[in-house]
Amino acid sequence: MNNPWSSAKKQLKQVAKIIDLDKNVLKSLSQPDRVLCFSLPIKLDNGRTKKFLGFRSQHNNRRGPYKGGIRFHPQVNKNEVKALSMWMTWKCALVDVPFGGGKGGIKVNPKKLSDVELERLSRKYIEYLSPYIGENKDVPAPDVGVSPQVIGWMLDEALKHGLTKAVLTGKPLGLGGSQGRIKATGQGGFFVLDELNKNINLKKKTIIVQGFGNVGYWFAKIAFENGYKIIGISDSQGAILNSEGVNPDQVLEYKNQTGSVKNFPQSKNIEADKILLQPTEILAPAALEGVINKNNAFKIKAKVIIEMANGPVTPKAEKILEKNNIIVVPDILANSGGVTVSYFEWYQNKNQEQWTEQKVEEKLKEKITQSFNQVWKISKKRNINLRMAAYVLAVSRVVDCRGYLKSNVSNFEK
Ligand code: GLU
């Protein structure tokens, strides 16, 4: 079974070699500062009480408050949140927002709960977590399976416990959310892809998107509106292919009516997991970690994999892809748009500002493009892949701040 925590540690070890990281610093970065586990009892609609397992991993706060989403998914476990929290540390450092890394989750299938049950569970989680979070301590946000509505309930609960609205990001607009936050991860991914394409000049601009939740949809939509061709989309129920390209808005409308992208008109149906193996220039895994692994990596036909999910490519798979000259744009760069606009939201809340959608988009583009170009430059100069280049930059920024031994790593930025 794929273990994201061992992947995350492996990646850190690899970069430690490249930057000659002090052994003790490596050891310290290889563990989260704290992992909280809760058993969350809630009353179900049938009158019984059920306990759900909840977590929050706080990996590192040397650059600022812990930051990262909360995931509602049946697969959530301690190793997963630990890995996701470490990746958040690197992501926040890479885009240079003043946060550390954290991640939370509840082992639950939110689709199987009624709205009332979901509200109780969301509130219970925050009730238990409230002593450990705060606008300058730990700032959670949405992740897989968590809607703005859930964040709204969580905010209401947080306020009851004396916390301020900047304790959570990804809030609905009326509760202090930011313009542009919902589409931010997909939009940021598109900015990265388009910047990459200035360097590699893809001819057909064909894209296959694996996973059609918030991130997959917005990434596909924005790419489509900018002249890319969406030739395949999958969700957990199935997948569709259409070499002429589809309009993501029409696919979403169809999915909202039928529950899946499966059987979308004028398209060929294939099994969901076969979507990764179809010919395309760009493959965008936008669901869960570990989907591209040693068992299927050698069958991948894409030229570029853009990691819109966190951790979709395992370290073993990455080696195979590298041998086959497939470019992997790492998650901490590709999907950093979400946390970047979370930072804008937190900043607006703290300064009583409200930015326009246009301002958010411009600032996001500027930040992401800058990060991409820094990573690209390091990758070329040191002849390392994009993930290692991104890690060199991110890890050196974390190590170079207060709390760690001074090192030579800041030189990598130049
Ligand atoms: N869950 C998102 C991520 O993995 C966003 C985190 C945030 O906004 O804090 O990057």
Side-chain angles (χ1 to χ4, degrees), residues 4 8 55-61 63-73 76 80-106 129 133-148 150-151 154-155 158 165-172 176-189 192 211 213-216 218-219 285-289 306-312 329-349 360 364 367-368 371 390 394:
F55 302 92
R56 181 81 182 163
S57 171
Q58 298 178 327
H59 174 257
N60 188 289
N61 65 355
R63 299 185 79 257
Y66 302 106
K67 184 86 193 82
I70 299 164
R71 178 174 289 197
F72 285 3
H73 194 275
V76 164
E80 186 187 55
V81 290
K82 278 166 75 178
L84 290 162
S85 71
M86 184 191 266
W87 288 328
M88 285 309 300
T89 301
W90 314 141
K91 195 185 299 183
C92 292
L94 181 65
V95 279
D96 206 9
V97 292
F99 292 125
K103 196 72 145 211
I106 301 179
L129 192 62
I133 55 175
E135 62 172 47
N136 295 319
K137 224 188 212 178
D138 183 350
V139 184
D143 196 78
V144 175
V146 168
S147 61
V150 167
I151 294 291
M154 289 182 168
L155 177 69
K165 71 177 172 194
V167 67
L168 288 163
T169 61
K171 297 181 289 287
S178 175
Q179 295 287 349
R181 175 63 185 85
I182 289 188
K183 64 177 171 184
T185 310
Q187 184 165 46
V192 170
N214 178 53
V215 175
W218 281 103
F219 175 77
L288 295 176
E289 54 279 0
I306 177 153
E307 290 189 318
M308 296 309 298
N310 289 309
V329 185
D331 46 6
I332 61 169
L333 176 63
N335 71 30
S336 61
V339 77
T340 303
V341 177
S342 274
Y343 164 61
F344 297 159
E345 179 177 336
W346 179 83
Y347 180 93
Q348 290 171 76
N349 292 160
V360 170
L364 173 64
K367 237 183 180 341
I368 287 241
S371 303

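One-based numbering, in listed order, for ligands and for the atoms of each. Only a predicted model underlies this, so the values are computations on that prediction, with no experimental measurement involved.
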| request: With sequence neighbours left out, write down each residue that passes ring-ring contact (aromatic ring centres under 6.0 Å, His included) with Phe55, or none if nothing qualifies. | output: none
| Would you call Lys103-Glu289 a salt bridge at under 4.0 Å N-O? | no
| Non-hydrogen atoms of Pro140 versus ligand 1: any pair closer than 4.0 Å? | no
| note | Nearest non-hydrogen protein atom to atom 5 (C) of ligand 1, with distance, is Arg181 NH2, 3.6 Å
| Arg71: heavy atom below 4.0 Å from ligand 1, yes or no? | no
| field | Nearest-neighbour protein heavy atom for atom 3 (C) of ligand 1, which is reported as residue plus atom name and distance | value | Lys91 NZ, 3.3 Å
| N or O pair under 3.5 Å between Val139 and ligand 1 | no
| request: With heavy atoms only and a cut-off of under 4.0 Å, state how Leu84 meets ligand 1: side chain, backbone, both or neither. | output: neither
| message | Counting non-hydrogen protein atoms only, what is the nearest one to atom 9 (O) of ligand 1? Give residue, atom name and distance. | response | Lys67 NZ, 2.7 Å
| task | Look up atom CG in Asn310 and atom CD in Glu80, then write down how far apart they are to the nearest 0.5 Å. | result | 9.5 Å
| note | From the list Gln179, Lys171, Lys165, side-chain hydrogen bond (donor to acceptor under 3.5 Å, both in side chains) with Glu345 holds only for Lys171
| remark: Closest to atom 7 (C) of ligand 1 among protein heavy atoms sits Ala141 CB, 3.4 Å
| query | Any N/O of Asp143 closer than 3.5 Å to an N/O of ligand 1? | reply | yes
| message | Measuring from atom CZ of Arg63 to atom SG of Cys92, what distance do you get when rounded to the nearest 0.5 angstrom? | response | 8.0 Å
| task | Can you sort out which atoms of ligand 1 are near Gly68, meaning under 4.0 Å from one of its heavy atoms? | result | 9 (O)
| message | For Val139, run the side chain to side chain contact (heavy atoms under 4.5 Å, CB included) check against Thr169, Ile133, Val167 and tell me which one passes. | response | Thr169
| note | Paired with Phe99, the ring-ring contact (aromatic ring centres under 6.0 Å, His included) test is passed by just one of Trp90, Tyr66, Trp346, namely Trp346
| request: Evaluate the side-chain contact (heavy atoms from CB on, under 4.5 Å) criterion for residues Ile70 and Val150: first the C-alpha distance (whole Å), next the side-chain angles of each, then the deciding distance (0.1 Å), finally the verdict. | output: CA-CA 10 Å; Ile70 299 164; Val150 167; over 6 Å; no
| Charged N to carboxylate O below 4.0 Å: is that the case for Lys91 and Asp331? | no
| task | Could you check atom 4 (O) of ligand 1 against the protein and tell me its nearest heavy-atom contact, residue, atom and distance included? | result | Lys103 NZ, 2.9 Å
| By number and element, which atoms of ligand 1 are closer than 4.0 Å to a non-hydrogen atom of Ser342? | 7 (C), 8 (O), 9 (O)
| query | At a 4.0 Å threshold, what atoms of ligand 1 neighbour a non-hydrogen atom of Met88? | reply | 3 (C), 4 (O), 6 (C), 10 (O)
